[in-house]
Amino acid sequence: MQLTADNKLKKIIVVGDRVLIRLKKPNEKTGSGLYLPPGVQEKEKVQQGYIIKAGPGYPIPMPTDDQEPWMDSDEKVKYVPLQAKEGDLAIFLLSGAHEVMYEGEKYFIVSQHSILMLEREQDL
């Protein structure tokens, strides 16, 4: 899902090394043809979903050099960017995820260290 101007998720800002994930629609039947009851796949330890929004990354500590009082202090925070990008399919640990409801839909907020694997449509 891509963000558009009229999209309600445009207002959301994800903080730090976290990503906002919407679960991929689960398969309703197994490979052998058995139909699964609703909620079975929600209890799996490993889930997969699409990254809707990504945070800026890991903050880099500010240098501790003593600057002269007359110098302008540059207080801009710098970040190490995340490997996960918006639109990626993420396979993540459910134990490291936090479930949130936003405007009637269920999302997961996941730290990058809980993501096991990413699938990206573009060239890596």
Side-chain angles (χ1 to χ4, degrees):
M1 175 184 167
Q2 297 295 325
L3 292 177
T4 59
D6 59 334
N7 194 334
K8 63 186 174 193
L9 296 174
K10 187 176 181 179
K11 298 177 188 176
I12 293 177
I13 298 172
V14 180
V15 179
D17 70 327
R18 292 171 181 85
V19 295
L20 182 69
I21 295 179
R22 177 185 291 149
L23 286 183
K24 184 178 174 184
K25 185 175 179 175
N27 294 331
E28 295 180 356
K29 62 180 183 176
T30 64
S32 62
L34 296 174
Y35 284 93
L36 297 171
V40 167
Q41 289 194 342
E42 291 179 6
K43 296 176 183 162
E44 294 287 329
K45 292 181 181 179
V46 177
Q47 293 286 337
Q48 59 181 339
Y50 291 100
I51 297 177
I52 305 299
K53 298 274 289 200
Y58 299 98
I60 299 174
M62 298 297 290
T64 57
D65 296 341
D66 291 332
Q67 293 192 1
E68 298 295 327
W70 53 269
M71 294 178 73
D72 289 337
S73 61
D74 188 22
E75 294 287 329
K76 293 184 180 176
V77 178
K78 294 181 175 43
Y79 295 94
V80 175
L82 298 178
Q83 192 173 8
K85 304 276 186 230
E86 293 177 10
D88 290 350
L89 177 67
I91 297 174
F92 62 96
L93 294 171
L94 191 60
S95 61
H98 301 281
E99 183 180 325
V100 294
M101 293 294 286
Y102 182 73
E103 302 224 354
E105 291 193 51
K106 182 166 48 170
Y107 298 96
F108 287 92
I109 297 175
V110 182
S111 292
Q112 180 162 297
H113 70 271
S114 294
I115 297 175
L116 303 174
M117 186 171 70
L118 295 169
E119 180 182 307
R120 189 170 292 154
E121 293 294 323
Q122 305 166 354
D123 294 333
L124 296 176

Open item on the list: Would you say that more than 12 heavy atoms from the other residues, nucleotides or ligands in this model lie under 6.0 Å from the CD of Gln83, or not?
Closed with: no
Open item on the list: Is there a continuous path of hydrophobic side-chain contacts, each under 4.5 Å between heavy atoms, that joins Tyr58 to Ile60?
Closed with: yes
- [ ] Working to the nearest 0.5 Å, report the span between CD of Glu99 and OH of Tyr107.
- [x] 12.5 Å
TODO: Group every Ile, Leu, Val, Met, Phe, Trp and Tyr by side-chain heavy-atom contacts under 4.5 Å, then state whether Val15 and Val110 land in the same group.
DONE: no
Open item on the list: Let's go through Val14 and Val19 carefully: what are the C-alpha distance in whole Å and the side-chain angles of both, what is the deciding distance for side-chain contact (heavy atoms from CB on, under 4.5 Å) to 0.1 Å, and is it a yes or a no?
Closed with: CA-CA 7 Å; Val14 180; Val19 295; 5.6 Å; no
Open item on the list: Working note: Leu118 + Ile51, criterion side-chain contact (heavy atoms from CB on, under 4.5 Å); need CA distance, chi angles, decisive distance, verdict.
Closed with: CA-CA 10 Å; Leu118 295 169; Ile51 297 177; 3.9 Å; yes
Open item on the list: Rounded to the nearest 0.5 Å, what separates atom NZ in Lys85 from atom NZ in Lys53?
Closed with: 14.5 Å
Task: Nearest-0.5 Å distance that lies between atom CG in Leu94 and atom NZ in Lys45 - done: 10.5 Å
- [ ] Check Arg18 against Ser111 and note the closest heavy-atom contact, atom names and distance.
- [x] CG-OG, 3.9 Å
TODO: Would you name the heavy atoms of Ala97 and Phe108 that are closest together and state the gap between them?
DONE: CB-CD2, 3.8 Å
- [ ] Measure the OG-CD distance between Ser114 and Gln47 for me, rounded to the nearest 0.5 Å.
- [x] 13.0 Å
- [ ] Output the distance between atom CG (Asp88) and atom CD (Glu121), rounded to the nearest 0.5 Å.
- [x] 9.0 Å
Open item on the list: Return the CD1 to OH distance between Ile52 and Tyr102, rounded to the nearest 0.5 Å.
Closed with: 13.0 Å
- [ ] Work out which heavy atom in Ile115 is nearest to a heavy atom in Ala84; give both atom names and the distance.
- [x] CD1-CB, 4.3 Å
Open item on the list: Heavy-atom count check: over 12 atoms from other residues, nucleotides or ligands less than 6.0 Å from Ile13 CD1?
Closed with: no
